[in-house]
Q: 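Please find one structure pasted underneath; my questions will follow.
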Amino acid sequence: MPPWDLVITDANLATMRPGSGPFGIVENAAIAVREGRIAWLGKSRDLPAGESHATLSAEGQWLTPGLIDSHTHLVFGGNRAQEFEQRLNGVSYEAIARSGGGIMSTVRATRAATDDELLAAAGKRMRAMQQNGVTTVEIKSGYGLDLETELRLLRIARKLGEQHDMNVYTTFLGAHAVPQDFAGDADDFVDFICGEAMPAVHAAGLADAVDAYCEKIAFSTQQIARVFEAARALGLDVKLHADQLSACGGAELAARFAALSADHLEYTSPAGVAALADAGTVAVLLPGAFVTLRETQVPPVDLLREKGVPIALATDCNPGTSPIASLRAIMALATSQFRMTPEECLAGVTRHAARALGIENERGTLEEGKIADLAQWDIDHPRELSYWMGLNELSCTFCAGRRSRDQ
Ligand code: NIG
Ligand code: FE
């Protein structure tokens with residue numbers, strides 16, 4: 001099997017492989033990398049003898065799959081700290097949105113920002129994510145809502161990945177809010193998304209998937225069904241912001257289109273959970289938005305677990321409902337707010353997050369053949385990754401077997 005490009009010795013592994021015990025732990029282990037992929041892993045004593053171009057000792061530290069943030073709105077102009085204060089004074093998120101603030105205020109700031117300004121602001125957030133062990137991030141558009149700005153946001157998202165050694169997957173979220181340009185006519189705007197914007201984004205090769213916001217203050221299930229039909233006709237995967245503020249049949253809609261994921265899910269009904277289970281759709285839970293909006297309706301975690309729906313966790317990093325760039329903080333919040341176990345939390349930002357992006361064959365676990373995206377931690381046990389908030393035990397990350405240049 002050797003020669004390898006890299007061997008990491010003296011490591012403890014949380015492989016997160018299903019069916020291999022809690023966290024898929026292998027202690028006193030080594031990993032060998034060839035051409036960016038894991039070529040061998042196991043107990044150090046079983047490492048096949050032979051040559052490696054480079055050898056590193058992990059000095060007894062832990063390696064996990066590089067973390068995956070499967071739901072972010074990383075690229076936007078300005079911030080909404082003023083609205084955040086208004087909300088603390090009792091004005092609701094919906095009331096702010098209905099009076100022209102909310103998503104629309106970020107749309108105005110984003111359209112007015114230059115590419116360099118957007119890159120610099122999102123770059124800061126991306127570096128914070130990287131310091132949390134994230135090696136893959138999904139980034140949605142949705143703060144442009146005209147063709148030119150949506151294309152710009154998706155290009156900037158891809159460029160950020162190149163600049164930071166980060167795997168970036170882009171999602172076209174055209175159906176995020178109805179812009180003033182359409183004078184509040186959501187159906188007209190959906191025509192524009194399906195007939196013009198989505199085909200252009202797809203032709204430019206800028207979207208890995210299509211998302212939409214299903215809510216009373218956004219789009220109806222009928223309108224989103226049209227968006228999803230258009231996406232499917234172009235061969236694009238779909239995902240959905242579903243049942244966040246009210247029960248709107250979002251989970252059922254996502255399942256009907258075999259969506260990769262249905263996200264938020266605070267108000268999802270038992271029928272919605274059953275539909276997700278049947279469709280194999282991942283539930284992406286977003287405790288950052290839950291705490292920021294001071295929600296009290298907890299997503300149906302027990303039922304999702306019981307029905308075997310894979311649960312991912314993500315930051316939902318955005319200026320309105322989740323000004324949070326720390327996936328580690330999200331893991332800790334998921335334990336206290338949603339009673340998820342530390343192992344479920346780590347699966348939620350590795351294996352299940354990969355599935356929420358349709359990349360489970362390439363990333364999300366430590367297994368031979370998968371891309372060697374790793375995070376190395378100075379901890380005694382992987383349960384600690386959901387325990388501390390604000391203590392950073394990350395030693396370094398590896399993307400496709402290369403130590404990240406930012407650390
Ligand atoms: O995931 N729900 C819609 N999108 C974001 C919020 C966007 C915003 O308020 O700017 C979310 O919570
Ligand atoms: Fe979101």
Side-chain angles (χ1 to χ4, degrees), residues 69-84 86-87 91-111 113 121-122 125 137-145 149-150 153 157 169-179 186 209-220 224 227 238-246 248 250 254 259-268 282-295 297 299 312-325 327 330 333 353 356-357:
D69 194 342
S70 59
H71 179 143
T72 86
H73 308 249
L74 200 71
V75 187
F76 56 82
N79 69 57
R80 305 228 294 276
Q82 221 176 342
E83 282 182 10
F84 157 71
Q86 271 181 284
R87 282 209 313 273
V91 190
S92 75
Y93 180 70
E94 284 99 322
I96 292 172
R98 287 189 200 284
S99 65
I103 293 171
M104 288 319 300
S105 78
T106 298
V107 169
R108 289 189 290 276
T110 303
R111 287 181 182 178
R125 299 186 273 271
V137 61
E138 182 257 16
I139 301 179
K140 301 175 196 298
S141 66
Y143 290 123
L145 306 185
T149 317
E150 287 291 296
L153 294 179
Y169 290 85
T170 48
T171 300
F172 174 58
L173 174 55
H176 196 195
V178 184
V210 168
D211 194 348
Y213 183 20
C214 186
E215 196 59 65
K216 277 182 254 166
I217 52 170
F219 297 90
S220 68
I224 291 169
V227 173
V238 299
K239 349 171 93 282
L240 187 65
H241 283 73
D243 308 325
Q244 179 190 12
L245 307 171
S246 61
C248 51
L260 286 174
S261 71
D263 303 33
H264 287 292
L265 305 182
E266 276 81 345
Y267 288 86
T268 296
V282 176
V284 180
L285 303 186
L286 305 168
F290 176 86
V291 293
T292 302
L293 293 180
R294 308 182 71 243
E295 274 283 346
Q297 172 90 13
L313 292 171
T315 59
D316 193 15
C317 179
N318 78 70
T321 62
S322 192
I324 299 178
L327 195 53
I330 293 298
L333 288 174
L357 298 179

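Counting begins at 1 with the first residue of the sequence. Atoms within each ligand, like the ligands themselves, are counted from 1 in listed order.
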Q: Where is the nearest protein heavy atom to atom 11 (C) of ligand 1: which residue, which atom, and how far?
A: Asp316 OD2, 3.2 Å
Q: How many N, O or S atoms of the protein are nearer than 2.8 Å to the Fe ion (ligand 2)?
A: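 Count of protein N, O, S atoms less than 2.8 Å from the Fe ion (ligand 2): 4.
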Q: Could you tell me whether the side chain of Cys248 reaches within less than 4.5 Å of the side chain of Asp243, counting heavy atoms only?
A: yes
Q: Ignoring hydrogens and geometry beyond distance, is a side-chain donor-acceptor pair present between Asp316 and His73 at under 3.5 Å?
A: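 There is such a pair between these side chains.
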Q: Output the list of atoms in ligand 1 that are nearer than 4.0 Å to some heavy atom of Tyr143, sorted by atom number.
A: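 Those atoms are 7 (C), 8 (C), 10 (O).
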Q: How about Ile217 and Leu245: do any of their side-chain heavy atoms sit closer than 4.5 Å?
A: yes
Q: Please verify the inter-ring angle class for His241 with His176; under 30° counts as parallel, over 60° as perpendicular, anything in between as tilted.
A: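 It falls in the tilted class, 30° to 60°.
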Q: Identify, for atom 12 (O) of ligand 1, the protein heavy atom at the shortest distance, and state residue, atom and that distance.
A: Thr321 OG1, 2.6 Å
Q: May I ask you to list the atoms of ligand 1 that are less than 4.0 angstrom from any heavy atom of Gln244?
A: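 Counting atoms of ligand 1 from 1, those under 4.0 Å from Gln244 are 2 (N), 12 (O).
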Q: Taking side-chain hydrogen bond (donor to acceptor under 3.5 Å, both in side chains) as the criterion, tell me which of Arg87, Gln86, Arg80 meets it with Glu83.
A: Arg80
Q: Is there a donor-acceptor contact under 3.5 Å from the side chain of Lys239 to the main chain of Asp263?
A: no
Q: Is Glu215 close enough to touch ligand 1? Criterion: a residue heavy atom under 4.0 Å from a ligand atom.
A: no
Q: For ligand 1, which atoms, with element, lie under 4.0 Å from some heavy atom of His264?
A: 1 (O), 11 (C), 12 (O)
Q: Can you list the atoms of ligand 1 that are under 4.0 Å from a heavy atom of Arg80?
A: 8 (C), 9 (O), 10 (O)
Q: Can you tell me if Gln82 has over 12 outside heavy atoms packed within less than 6.0 Å of its CD?
A: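 Result for CD/Gln82: open.
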Q: Identify, for atom 4 (N) of ligand 1, the protein heavy atom at the shortest distance, and state residue, atom and that distance.
A: His176 NE2, 2.9 Å
Q: Please answer whether the main-chain N or O of Val210 pairs with a side-chain N or O of Thr171 as donor and acceptor at a distance below 3.5 Å.
A: no
Q: Has Thr72 got a side-chain atom pairing as donor or acceptor with Glu138's backbone, closer than 3.5 angstrom?
A: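 Flag set: sc Thr72 to bb Glu138 pair under 3.5 Å.
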Q: Under 4.0 Å from a heavy atom of His71: which atoms of ligand 1 are those, numbered in the order shown and with their elements?
A: 1 (O)
Q: Would you say Thr106 contacts ligand 1, with heavy atoms under 4.0 Å as the rule?
A: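 For ligand 1, residue contact (heavy atoms, under 4.0 Å) with Thr106 is absent.
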Q: Within a strict 4.5 Å, meaning less than it, do heavy atoms of the Tyr267 and Glu215 side chains meet?
A: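 Contact flag for Tyr267/Glu215 side chains = no.
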Q: Identify, with sequence neighbours excluded, every residue that meets side chain to side chain donor-acceptor pair (under 3.5 Å) alongside Arg125.
A: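 Expected list: none.
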Q: Between Tyr93 and ligand 1, which part of the residue brings a heavy atom under 4.0 Å of the ligand: side chain, backbone, both or neither?
A: side chain
